> 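First the structure, which I've put down as structure tokens, then a few questions once you've had a look.
Please read these numbers as outputs of a predicted model, since none were measured by experiment. Heads up: numbering here begins at 1 and tracks the sequence.
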Amino acid sequence: MRKVMTGILILLAGAAVFPVLFLVCGSMMGETELSALLAPVLGEAGGFASWKLLPEYPTLRSYVKLLLDSPEFFVMFWNSVKITASVLAGQILVGAPAAWGFARYHFPGKKILFTLYIALMMMPFQVMMLSNYLVLNSLGLLDTLAGIILPAVFSTFPVFLMYRFFQGIPEAVLESARLDGAGDFQIFVRIGIPLGSPGMISALVLGFLENWNLLEQPMAFLKTKEKWPLSLYLPNISMEQAGAAFAASVLVLLPSVLVFLAGQDYLEQGIVSTAVKE
């Protein structure tokens with residue numbers, strides 16, 4: 001039975017990894033080979049598209065062409081970097097104090113406000129899109145990177161995630177700090193942040209994976225192509241540029257994979273913390 005389960009898990013893992021292998025192999029194929037395999041998809045022949053597990057004549061020409069002859073790619077790459085870095089910095093500066101306040105302080109309406117936070121967290125972007133659009137329009141932030149960054153900075157999920165970690169800090173530790181003369185701000189900076197750092201890091205990892213691949217918000221709020229992130233670059237590559245599309249997909253995927261691998265342990269802790277009931 002154990003061998004059967006192992007075999008099933010291997011098959012499932014292979015199915016999950018196959019799209020990545022598909023991208024890597026496609027990015028290393030020449031234009032002629034890709035045209036022959038994808039001719040039915042490109043509308044140049046009938047029948048069905050075919051595929052090879054390994055390229056017949058491996059080449060890095062698609063990467064060279066994308067990195068050296070596609071300034072548009074670099075513009076959108078840096079737009080993605082600006083959006084993601086700004087959002088993550090803002091979520092920590094705004095979310096960490098908010099989460100600490102929910103976790104360690106008692107004030108009237110706390111449960112109602114936190115319940116509202118959870119309700120907002122569960123609402124998809126499509127529900128909030130019109131209200132976000134109207135607010136950004138009234139502030140003059142449409143078609144700007146700030147219009148993408150600011151709503152994400154005040155996302156409720158990082159607050160919820162960090163709240164779980166801050167809540168787990170023993171009250172005895174905080175009381176000891178108060179007896180030693182530490183103020184509220186000192187307790188937050190010297191005790192709350194170090195002990196709650198796993199929650200902050202897991203929020204950063206999840207935030208990176210979400211904002212690096214933003215699609216709906218840029219499509220709705222950005223009209224100028226020079227301000228688009230990489231997530232909007234890929235859908236606008238024509239099928240005749242299949243090699244560039246495969247290479248761009250690999251380069252866009254690589255940062256997400258590296259961040260996930262670097263923060264995997266913290267991410268697991270964050271997922272476990274969200275499953276614990278109060």
Side-chain angles (χ1 to χ4, degrees), residues 19-20 23 66 70-96 98 117 120-162 200-237 244-264 266-267 270-271 274:
V20 179
L23 286 177
L66 184 69
S70 300
E72 183 183 32
F73 176 84
F74 284 98
V75 171
M76 295 187 179
F77 175 84
W78 285 113
N79 287 340
S80 289
V81 171
K82 292 175 186 177
I83 291 173
T84 304
S86 300
V87 169
L88 296 183
Q91 286 182 347
I92 291 299
L93 291 176
V94 173
Y117 254 67
L120 290 173
M121 182 182 70
M122 294 180 178
M123 289 185 181
F125 171 73
Q126 293 81 355
V127 175
M128 307 293 293
M129 180 174 64
L130 180 58
S131 59
N132 285 345
Y133 185 92
L134 295 175
V135 171
L136 293 175
N137 185 46
S138 63
L139 295 175
L141 294 177
L142 283 180
D143 199 27
T144 65
L145 295 184
I148 306 298
I149 294 169
L150 287 178
V153 164
F154 295 96
S155 173
T156 57
F157 182 71
V159 176
F160 172 74
L161 192 60
M162 289 185 281
M200 298 173 68
I201 295 175
S202 61
L204 288 174
V205 173
L206 288 173
F208 181 91
L209 297 177
E210 177 184 1
N211 292 284
W212 183 256
N213 300 296
L214 278 182
L215 184 62
E216 294 172 320
Q217 291 88 336
M219 288 181 65
F221 302 145
L222 295 179
K223 305 302 179 185
T224 305
K225 195 172 182 179
E226 287 74 18
K227 298 176 182 178
W228 285 1
L230 273 178
S231 53
L232 293 187
Y233 175 76
L234 297 177
N236 285 274
I237 297 178
F246 279 113
S249 298
V250 173
L251 293 177
V252 171
L253 177 65
L254 189 59
S256 297
V257 173
L258 294 177
V259 170
F260 174 79
L261 293 176
Q264 185 177 6
Y266 297 101
L267 185 59
I271 294 173
T274 58

> Show me the donor-acceptor pairs, under 3.5 Å and distance only, between side chains in residues 203-215 and residues at least two apart or in other chains.
from: Asn211; atom 1: ND2; to: Gly207; atom 2: O; distance (Å): 2.7
from: Trp212; atom 1: NE1; to: Val252; atom 2: O; distance (Å): 3.0
from: Asn213; atom 1: ND2; to: Leu209; atom 2: O; distance (Å): 2.8

> Between CG of Leu261 and OG of Ser256, what distance do you get to the nearest 0.5 Å?
10.5 Å
> To the nearest 0.5 angstrom, please state how far the CG atom of Asn79 sits from the NZ atom of Lys227.
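Those atoms lie 9.5 Å apart.
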> Does Glu216 have any side chain to side chain donor-acceptor pair (under 3.5 Å) partners at least two apart in sequence or in another chain, and if so, which?
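Partners of Glu216 by the side chain to side chain donor-acceptor pair (under 3.5 Å) criterion, ordered by chain and then number, come out as Gln126.
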> Minimum heavy-atom separation for Pro229 to Ser80, with atom names?
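Distance-wise, the nearest heavy atoms are CB-OG, 3.3 Å.
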> State which residues pass side chain to side chain donor-acceptor pair (under 3.5 Å) with Thr224; sequence neighbours excluded, sorted by chain then number.
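Counting only residues at least two positions away or on another chain, Thr224 forms a side chain to side chain donor-acceptor pair (under 3.5 Å) with Asp143.
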> Would you give me the side-chain donor-acceptor pairs under 3.5 Å for residues 128-138, sequence neighbours excluded?
from: Ser131; atom 1: OG; to: Met128; atom 2: O; distance (Å): 2.9
from: Asn132; atom 1: ND2; to: Met128; atom 2: O; distance (Å): 3.4
from: Ser138; atom 1: OG; to: Leu134; atom 2: O; distance (Å): 3.3
from: Ser138; atom 1: OG; to: Val135; atom 2: O; distance (Å): 2.6

> Could you give the distance from CZ (Phe73) to CG (Leu251), rounded to the nearest 0.5 Å?
4.5 Å
> Could you tell me the separation between the CG atom of Leu23 and the CG atom of Leu253, rounded to the nearest 0.5 Å?
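Rounded to the nearest 0.5 Å, the CG-CG separation comes to 7.0 Å.
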> With rounding to the nearest 0.5 angstrom, report the CG to OG1 distance, Leu222 to Thr144.
7.5 Å
> Provide the closest heavy-atom pair for Met219 versus Leu232 in the form atom of the first, atom of the second, distance.
CG-CD2, 3.2 Å
> Only counting residues at least two apart or in another chain, list the ones meeting salt bridge (Lys or Arg N to Asp or Glu O under 4.0 Å) with Glu72.
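Glu72: salt bridge (Lys or Arg N to Asp or Glu O under 4.0 Å) contacts with Lys225.
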> Can you name the closest pair of heavy atoms from Gln217 and Phe125 and give their distance?
CG-CE1, 3.4 Å
> If you look only at distance, which donor and acceptor atoms sit under 3.5 Å apart when one is on a side chain in residues 85-93 and the other is two or more places apart or in another chain?
from: Ser86; atom 1: OG; to: Lys82; atom 2: O; distance (Å): 2.7
from: Gln91; atom 1: NE2; to: Ala152; atom 2: O; distance (Å): 2.9

